[in-house]
Amino acid sequence: MAAVDNISTRKGAAAFSLRAAFDELKDKIARYRMYRETINELSSLSGRELADLGMSRAQLRSVAYEAAYGTK
């Protein structure tokens, strides 16, 4: 006859994995919102205001991407 001393389930691991996936999704959404807000704010500036900041309209997406995600 066999005896079992320790029975464990993966329920905890699955719950942790689901939570991690949810947290990752929330982070992605927050970063994308930051990207879009940065694009919108920079787009509302005039060409002169952008020039004062040392930027052109062609750089808006790369600047917003760097602000939201940290790298180009």
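Note that the numbering runs from 1 along the sequence shown for the chain. Side chains are part of it too, since the values below use all heavy atoms of this structure and drop only hydrogens, waters and symmetry mates.
- Distance check, rounded to the nearest 0.5 Å: NZ of K28 to CZ of R31 gives 10.5 Å.
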Side chain to side chain contact (heavy atoms under 4.5 Å, CB included) evaluation trace for I39 with R36: CA-CA 5 Å; I39 291 255; R36 291 302 314 160; 4.1 Å; yes
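- Under the 3.5 Å distance criterion, the side-chain polar atoms of D27 are left unmatched by any main-chain donor or acceptor of D23.
- At least one donor-acceptor pair closer than 3.5 Å links the side chain of Q59 to the backbone N or O of S56.
- With rounding to the nearest 0.5 Å, the separation of CD in E24 from CD1 in I29 is 11.0 Å.
- The two residues L50 and L45 come nearest to each other via the heavy atoms CD2-CD1, 3.9 Å.
- Within 6.0 Å of CZ in R57 there are more than 12 heavy atoms belonging to other residues, nucleotides or ligands.
- Looking only at side-chain heavy atoms (C-beta outward), E41 and T38 stay at 4.5 Å or farther from each other.
- With hydrophobic clusters built from ILVMFWY side chains whose heavy atoms lie under 4.5 angstrom apart, Y65 shares a cluster with Y32.
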